[in-house]
Every structure is written in structure tokens, then in C-alpha cells.
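Chain A is the first sequence line, chain B the second, and so forth, proteins listed ahead of strands; every chain is numbered from 1. Side chains included, hydrogens not; waters and symmetry mates left out as well; all remaining heavy atoms used.
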Amino acid sequence: MAVIGTALAFAANAFSPRGLDLTKNHLPFSRLTPRVAVAETNLTGAVAAKTNSPMELLSARLREHGLQLADSNQVVQFFHDPRREVDGVIFIDARDDDDYKAGHIPGAYHFYHFYPENYLTNVVGVCLTAQQIVFYCNGGDCDLSADAAITLRDSIGIPKERVFVYGGGMNEWTTNGLPIEVGARNSGDLTNVVKAAAAGKVEGARP
Amino acid sequence: MNMTASTGKRRPLDIAALLARWLLGGLFIYLGVSKVLHPEDFLKLVRQQLMVTNPSLSSLIVATAPWLEVLYGLLVLSGFARNTAVLLARWWLACVFIYMGLHKALHPDRFLELVQQYDMVTSPFRLNLIGAALPWFEVFCGLLLLAGVAVRGTALNLIALLVPFTLIVLKRALFIAATKPMPFCAVRFDCGCGAGEVYICHKLVENTVLLLLALWLLTSRGRQLCLCFSLFRRREPALKEPAVLCPAESSR
């Protein structure tokens with residue numbers, strides 16, 4: 001019965017519109033070595049002083065995969081960069097549809113790497129011409145941005161020096177009072193604008 | 001149950017079954033009362049996880065479901081109407097597994113990420129196998145239980161799923177509690193079970209309930225409203241008024 005159930009389960013996955021492609025590495029940004037090492041260090045408490053901050057660890061992990069970490073200052077600079085108006089600098093939201101519609105960085109493109117076929121047509125052109133591409137997700141433990149960056153970079157051949165991952169992600173962006181666009185890309189429905197204007201951060205918002 | 005009359009060797013098993021039944025009844029009462037005492041948490045679960053957005057319906061569920069759990073706990077505890085209690089247990093377990101399985105099957109991407117957080121599987125192919133098959137397997141088991149097909153075999157499969165999963169969740173919770181650090185019962189994370197973020201102690205109680213229900217189905221002979229209680233064994237002693245519709249058994 002377990003065998004029949006397993007066979008039926010794989011068949012259901014094959015026929016499901018949201019089924020997983022078994023041959024593909026959906027999570028290319030392996031989280032194993034550095035995180036486990038630090039956690040074990042913390043458990044013993046022996047060499048706690050030698051451990052790095054979460055951002056340093058993330059930066060090291062990103063470097064292993066040929067990616068660059070962008071901190072909040074860099075990301076704000078990218079956001080205010082005049083080249084963003086002509087897609088010379090682009091942001092790519094790597095979260096799922098619900099999260100993207102709930103609020104994203106104004107003007108950000110959308111690429112959810114689990115189902116790349118649904119998003120590739122919208123991002124391939126701009127990714128090939130952009131000089132800087134910033135991927136982000138929610139931040140913290142979220143690895144979607146790095147997974148998306150690796151998937152997109154390797155599938156269409158983006159030079160690695162153009163690819164950045166915003167470690168703080170949407171949570172840090174929101175906390176910093178920066179503008180957020182709700183709904184579709186360039187919907188013009190901005191939130192956080194009052195806070196951002198008070199902080200002088202809304203200037204680059206592109207409706 | 002005539003097993004005690006036929007052989008004395010079964011007596012320790014009967015005592016164990018009685019204790020398990022009391023534990024199960026007590027846990028159901030605990031779960032019901034905890035929802036009565038914290039209705040806001042249960043309301044959040046109903047609205048966000050069960051996606052019941054209608055305010056009247058969600059309020060009705062919050063007002064009645066906990067008391068039904070308490071009543072069911074009392075029913076199990078008392079041993080009254082045991083066949084009905086077994087039937088309700090089967091249906092309840094079926095609904096839980098169908099819901100949780102579908103929740104994961106419709107979002108296999110999120111499930112895959114949650115499985116990865118346990119750091120148990122390093123190969124992407126194996127991770128994909130788990131992410132693709134496990135949710136639908138749960139749905140399959142739930143449907144079999146709902147229809148009453150191969151009940152014991154299905155219960156055994158569920159036990160084989162629940163025991164390692166509970167141990168893995170416990171291990172992860174201990175890890176989080178040690179690294180944060182925080183009290184064990186304050187640990188709250190999305191374990192990948194399909195119910196979103198949960199407190200670990202509550203999750204362990206829930207899993208214990210599910211495990212006891214599956215054990216009860218494995219050992220009980222209640223065949224009410226079963227399409228085909230057993231696929232292979234044809235010499236099961238029947239209870240009073242069995243409603244067995246399986247052709248192989250009804251032709252005996």
C-alpha cells in the first residue's frame with residue numbers, strides 16, 4: 001500500500017500545475033556549512049567570540065556562490081541611481097506572487113525561481129542589459145533572493161559582477177521607512193510614502 | 001472485547017489500550033479547553049490557515065469546535081459509544097491529513113524550503129522526492145481513511161510518518177531553544193506540517209494525539225461505514241452491526 005501510495009503521489013505531482021520538477025535543483029544556494037558551524041559553536045559556547053555577525057556569514061556564503069552582498073546603504077544608492085529610470089539598475093523581487101502583490105520595492109521586477117517559465121519573459125531582456133541587478137526577498141533566513149540570483153545568472157548568463165543580493169531584504173526596507181509599491185509593477189500604489197518623505201527617501205520612487 | 005476471556009496474555013495489552021484511551025481523551029479535552037481559553041489564537045488559525053474569511057462562519061467555528069473537542073474527549077474517556085468514537089477518530093484523522101497534505105501539495109515550493117531547514121537531506125534530488133511525494137501521500141492516506149479502505153495499513157503508514165517527523169521537529173525545537181536561547185515551550189516556528197507557525201509544545205501534543213488516534217485505528221476493529229476495512233485479511237471477527245461494503249467481505 002505504501003508503494004501504491006508513493007506511485008500515486010508522484011503521479012499527482014506530475015499532473016499538478018504546481019508540481020515540482022524532480023530533476024532541477026530548486027534551492028541552489030546551499031545553506032549547510034557556515035550556518036551549521038556557527039550554530040554548533042553557539043551550542044557549545046566555547047568559541048563564541050570568534051563567530052561572525054549574520055551579515056558577515058551571509059556575505060561569505062554569497063561569495064562562495066559568486067554573489068555580492070548589498071547592504072542597506074548600497075541599496076538606497078542603487079534606488080536613487082538615475083540609471084534606474086532606464087533600467088540600467090534594476091531590482092528583482094524573488095518572493096512569491098502573494099508577497100510581491102502585498103508590497104515590493106517600487107519598480108521592482110518579479111522573478112519567482114520555482115516556476116521560472118512564468119517570469120523569464122519579463123526579466124530576461126532587462127537582466128541582459130542592466131549594469132546592476134539587485135535581488136531581494138524578505139531578508140533574515142530567507143534564501144529566495146540568492147536562489148533566484150543563481151538560477152537567473154546561470155540560465156541566461158549574466159556576468160557575476162552585476163549581480164547583488166540585498167541581505168536585509170523587504171523587512172529591513174520596510175523598517176527603514178522606504179517606499180513600497182502595492183500590486184502590480186508600476187501600479188503607482190505607494191505606501192510608506194509619508195514616512196519615506198519625512199526621511200527624505202521617497203525622491204527616487206517611480207510610480 | 002472478548003480477547004481477555006479467550007487468553008490471559010492479552011490483558012496487559014488491554015490495560016495499555018485503556019491507558020492510551022484515557023490519555024487520548026485527556027489530550028482532546030486539553031486541546032479543546034486551551035482553544036476555549038485562547039480564542040484569539042484559534043480565530044487567527046481559522047482565518048489565516050483554514051482560510052475561512054466569512055466573519056460569522058469563523059466565529060461559529062471558534063465558538064463550537066473547541067467544545068466539540070471537549071465532548072469527544074469525554075466520549076473517548078468514558079468508553080461510551082466506542083464504535084462511533086472510532087468512526088469519528090477515523091474521519092477526524094482523515095480530514096487533518098487531507099487538509100495538511102493539500103496545503104503542502106498546493107505550495108510545494110514553500111514546503112521544500114521548510115524541509116531544507118531541517119538539514120536532513122543534502123541531495124537536491126532527494127529533497128525534490130520528499131517535496132513532491134510526501135504531501136500527496138498524506139492526501140492519499142487521508143482519502144483512504146475517509147472512505148474506510150485498508151484502515152489498518154493506512155494507520156500503520158501514518159504512524160511511520162508521524163514518529164520520525166515528531167522526532168525531527170523535537171530535535172529542531174531543541175536546537176532553536178539552545179541557540180537563541182529561549183524556554184522550550186516558547187519556541188515557535190513553521191515545522192512544515194501545513195499549519196503555519198506553531199508553538200512546539202502545542203505541536204507535540206497535537207502529534208501525540210494524531211499518533212494515538214492512528215494507533216487506535218491500528219488496533220481497533222470498528223468497521224462502521226468502511227468501504228473495505230481490510231484489503232487482504234478476510235477472517236476478522238466482526239463487531240455488532242458492521243456496515244462492511246467490501247465485496248470480498250460481504251460475500252462471506
Side-chain angles (χ1 to χ4, degrees), chain A residues 1-45 48 51 54 94-99 112-116 118 137-138 141-144 146-148 150, chain B residues 97 101-102 104-144 149-158 160-161 172 174-181 189-190 230-232:
Chain A
M1 214 188 75
V3 172
I4 294 169
T6 308
L8 285 174
F10 282 122
N13 175 68
F15 285 109
S16 166
R18 296 186 68 86
L20 286 176
D21 180 355
L22 297 181
T23 59
K24 195 177 147 191
N25 183 4
H26 295 281
L27 304 166
F29 186 58
S30 170
R31 60 165 60 186
L32 288 178
T33 36
R35 180 170 301 183
V36 172
V38 169
E40 283 172 353
T41 304
N42 287 350
L43 265 178
T44 58
T51 57
R95 301 170 303 158
D96 65 13
D97 292 6
D98 292 341
D99 285 341
Y112 189 50
H113 78 281
F114 282 102
Y115 306 102
N118 298 343
C137 53
N138 281 328
D141 279 345
C142 173
D143 286 342
L144 288 172
D147 287 326
I150 294 168
Chain B
F97 271 86
L102 277 181
K104 285 178 264 193
L106 296 177
H107 303 284
D109 42 344
R110 289 184 186 172
F111 179 56
L112 208 60
E113 285 180 77
L114 293 170
V115 174
Q116 198 207 25
Q117 79 179 352
Y118 290 104
D119 294 334
M120 302 286 288
V121 184
T122 52
S123 155
F125 181 65
R126 285 183 196 160
L127 197 66
N128 289 346
L129 289 181
I130 293 171
L134 195 59
W136 290 110
F137 188 76
E138 287 181 9
V139 175
F140 171 73
C141 289
L143 289 174
L144 287 183
V149 176
V151 174
R152 285 182 176 175
T154 309
L156 195 60
N157 273 318
L158 295 186
L161 288 177
R172 170 118 184 111
L174 287 169
F175 179 79
I176 293 173
T179 49
K180 289 291 180 179
F189 68 106
D190 190 342
S230 175
L231 287 179
F232 302 110

(Q) Return the OG1 to CH2 distance between A:T6 and B:W136, rounded to the nearest 0.5 Å. (A) 14.5 Å

**Q.** Side chain / backbone / both / neither for A:D96 at chain B, heavy atoms under 4.5 Å
**A.** side chain

Q) For A:A9 and B:A133, which heavy atoms make the closest approach, and how far apart are they? A) CB-O, 3.3 Å

Q | Heavy-atom contact with chain A under 4.5 Å, split by part of B:T154 | A | both

Q.
So, taking the atom named CG in A:L144 and the one named CD in B:E113, what distance separates them when rounded to the nearest 0.5 Å?
A. 4.5 Å

Q | Which atoms of B:L134 approach chain A - backbone, side chain, both or neither, heavy atom under 4.5 Å | A | neither

Q) Between atom CD of B:Q117 and atom CG of A:D141, what is the distance when rounded to the nearest 0.5 Å? A) 8.5 Å

Q.
Closer than 3.5 angstrom, by distance alone: can the side chain of A:R18 be matched with the main-chain N or O of B:L106 as a donor-acceptor pair?
A. yes

Q. Does B:N157 reach the main-chain N or O of A:M1 with its side chain, forming a donor-acceptor pair under 3.5 Å?
A. no

Q) What residue in B:A132, B:G101, B:A105 has the most heavy-atom pairs under 4.5 Å with chain A? A) B:A132

Q) How many angstroms lie between atom CG of A:L8 and atom CZ of B:F137, to the nearest 0.5 angstrom? A) 10.0 Å

(Q) Which residue is it: B:D109, B:N128, B:L127? I am looking for the one with a side chain to side chain contact (heavy atoms under 4.5 Å, CB included) to A:H26. (A) B:N128

**Q.** B:F111 side, atom CZ; A:L20 side, atom CG - distance, nearest 0.5 Å
**A.** 9.5 Å

Q) Are A:N25 and B:F125 close enough that some pair of their side-chain heavy atoms sits under 4.5 Å apart? A) no

